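Reminder, nothing fancy here: chain letters follow the sequence lines and each chain counts from 1. Only a predicted model underlies this, so the values are computations on that prediction, with no experimental measurement involved.
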2 protein chains.
Amino acid sequence: MIAIPLPGQPVRGSKSGEPIMAVFDLLGRTWAMGILWTLNKHGPSTFRGLQELCGSVSPTVLNKRLKELREAGLVERSENGYRATAMGEELYSMLVPLGAWSQKWAEVIGQK
Amino acid sequence: MIAIPLPGQPVRGSKSGEPIMAVFDLLGRTWAMGILWTLNKHGPSTFRGLQELCGSVSPTVLNKRLKELREAGLVERSENGYRATAMGEELYSMLVPLGAWSQKWAEVIGQK
DNA sequence: CCTCTTGCTACATTATACGTAGCAATGCCT
DNA sequence: AGGCATTGCTACGTATAATGTAGCAAGAGG
């Protein structure tokens, strides 16, 4: 198994070690952005809570993603379950514009 | 093979059909963001040119991603090779802040 | 002790990604 | 026309990742 993507190391998808490529690797795994999105939108959640909020995520993948996100310092465990760290919230805030963009994109694609 | 992720349909990672989930699926595949990033940073590139710029992408994956990105209306073919569409550039502009964030993240992680 | 919830792990199946090889088409150049 | 280089892929075998169902160990509450 390839390691959890961290800056300064070759990652799945790129061998340059550029931080942005580590981010792309980290986020470019099933449910990674979805989990970050959900955690920030709904606040802290338990493992099972996240499973329900995400709807169709298998516990295997959820567990892997949570481990990776925790190791990357974006998610941590609290008394209320998993929650985003300050870094995680910052990253989330950069994903937020994607939400609005995706609506627009949906319209454009739909018109084809 | 699951279809190319489009809004309004269940996608890999989510069955809700929300556009944002389609975006997460589309971008959450190896090299998808990397290609978008490279195309916008270096301008239009040929297939082989992209292969070199990306460094370690296999033609199989590059071809798949390009097909998906074209179908999603983010990339198109021009006389100078592949290039980002207006929509693609817009999406790219939302990824740009990630570049700066990733530098900061690299420092924080590195200090551990 | 029994039951419920939580946070996982096991395992078998399917889907993706990787990497090397190479082919068909086009554009030179002689 | 013949030969060579470049481009945009496709084939194919292997390796890695994701899915989905089942279920177990630990803790809380009665």
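When rounded to the nearest whole Å, the span between CG of B/N63 and C1' of D/dG8 equals 8 Å. With rounding to whole Å, A/K64 atom NZ is found 7 Å from D/dA18 atom C1'. Going from atom CH2 of B/W31 over to atom P of C/dA17 covers 13 Å, rounded to whole Å. Rounding to whole angstrom units, CZ of residue A/R29 and C1' of C/dT16 are separated by 13 Å. A straight line from CG of B/L66 to C1' of D/dC9 spans 11 Å, rounded to a whole angstrom. Put simply, CE on B/M33 is 16 Å from C1' on C/dA17, counting in whole angstrom units.
Residue B/K67 places its side chain closer to D/dT10 than to any other of D/dG20, D/dA11, D/dT10.
For residues 37-63 of chain A, no pair satisfies salt bridge (charged side-chain N to carboxylate O under 4.0 Å, His left out), with sequence neighbours left out. Among residue pairs with one or both ends in residues 39-61 of chain A, none qualify as ring pair (Phe, Tyr, Trp, His ring centres under 6.0 Å); sequence neighbours excluded. Sorted by first and then second residue, the pairs that involve residues 69-98 of chain A and meet ring pair (Phe, Tyr, Trp, His ring centres under 6.0 Å), not counting sequence neighbours, are A/W37-A/Y92.
At least one side-chain nitrogen or oxygen of A/R77 sits closer than 4.0 Å to the OP1 or OP2 atom of C/dC8. For A/R65 and D/dT19, the shortest distance from a side-chain N or O to OP1 or OP2 is not below 4.0 Å.
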Extract from the structure each pairing of a protein N or O with an N or O of nucleotides 25-30 of chain D at less than 3.5 Å, listing the distance.
none

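When the side chain to side chain donor-acceptor pair (under 3.5 Å) test is applied to B/E76, the partners found at least two apart in sequence or on another chain are B/R83. For the side-chain contact (heavy atoms from CB on, under 4.5 Å) test, residues two or more places apart in sequence or in another chain that qualify with B/E90 are A/W101, A/K104. Every residue meeting the side-chain contact (heavy atoms from CB on, under 4.5 Å) condition with B/E89, not counting sequence neighbours, appears here in chain and number order: B/N40, B/A84.
For the pair B/S102 (side chain) and A/V23 (backbone), a donor-acceptor distance under 3.5 Å is absent. A donor-acceptor contact shorter than 3.5 Å is absent between the side chain of B/T38 and the backbone of B/L36.
The base of D/dA17 has none of its N or O atoms less than 3.5 Å from a complementary donor or acceptor on the side chain of A/T30.
At a non-hydrogen distance threshold of 4.0 Å, A/T46, A/F47, A/R48 from residues 45-53 of chain A come into contact with DNA chain C.
Within 4.0 Å (heavy atoms only), A/V61 reaches at least one base atom of the nucleic acid.
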